[in-house]
Amino acid sequence: MVCALVPGTYDPPTYGHSNLIERASRIFDRIAVVIAVNPAKNCTFSAEERLGFLQEMTAHLPNVSVHLWEGLIVDFARELDAKVMVRGVRALGDFNYEFELSILNKGLDERIETIFIPTDSRYFVLRSSSIRELVRFGGDVSNMVPPAVAQALQERLGTDTH
């Protein structure tokens with residue numbers, strides 16, 4: 001059985017992330033969604049909150065599990081005996097960054113391959129940082145993130161209209 005990792009910060013998780021995970025789940029036997037925990041990074045949501053969001057978003061996918069990991073993703077891949085990392089790319093800038101990261105990971109463990117999946121055109125403009133910014137200015141993100149995430153973003157970052 002081939003296990004593939006879909007690592008990311010997921011702050012916040014978006015419909016684009018969900019689409020990538022679903023598409024990968026149709027290709028690989030098992031998918032491990034890995035939420036990167038980096039104490040030095042100032043995330044909007046705690047690791048546990050992101051875990052809960054992603055567990056809810058992937059509950060309908062029987063071959064998907066969600067994990068927290070603080071450390072090198074290649075170490076987590078070794079722990080699960082995963083040979084593949086799946087990364088979504090929206091544009092050339094994403095590809096450049098992800099390509100360099102894949103070379104770095106390959107240098108750390110030559111057994112791990114990175115597969116790039118182009119973003120579905122419906123989610124091409126979804127970027128977590130842009131979604132957070134939109135919420136800060138009172139924008140509607142209901143078509144970009146699941147309802148629970150939209151509500152949590154509004155509570156955490158939204159403007160008070162009273």
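All figures in this text were calculated on a predicted structure; none of them were measured in a lab.
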As an exercise, state the distance from OG of Ser18 to OH of Tyr10, rounded to the nearest 0.5 Å. 10.0 Å
Can you tell me how far apart CZ (Arg111) and CG (Asp81) are? Round to the nearest 0.5 Å. 7.0 Å
Side chain Arg87, main chain Phe95, donor-acceptor under 3.5 Å: no
Tell me if a side-chain donor or acceptor on Asp29 pairs with a main-chain N or O of Val2 at a distance below 3.5 Å. yes
dist Lys83:NZ -> Leu5:CG (nearest 0.5 Å) comes out at 10.5 Å
Quick one: pull up CG in Asn105 and CE in Met85 and give me the separation to the nearest 0.5 Å. 4.0 Å
Which distance, rounded to the nearest 0.5 Å, do you find between the CG of Asn38 and the CG of Asp11? 11.5 Å
Do Ile31 and Leu61 make a side-chain contact, defined as non-hydrogen atoms from C-beta onward lying under 4.5 Å apart? no
To the nearest 0.5 angstrom, please state how far the CD atom of Glu70 sits from the CG atom of Asp75. 12.0 Å
Honestly curious: do Phe76 and Leu20 fall in one hydrophobic cluster under the side-chain, below-4.5 Å linking rule? no
Between Phe45 and Phe53, does the ring pair (Phe, Tyr, Trp, His ring centres under 6.0 Å) criterion hold? Intermediate values first, please. CA-CA 10 Å; Phe45 295 107; Phe53 292 142; 5.2 Å; yes
Should we count CZ of Phe116 as having more than 12 external heavy atoms under 6.0 Å? yes
Do any N or O atoms from the side chain of Thr119 and from the backbone of Val89 form a donor-acceptor pair under 3.5 angstrom? yes
Donor-acceptor pair, side chain of Arg50 and main chain of Thr9, under 3.5 angstrom: yes
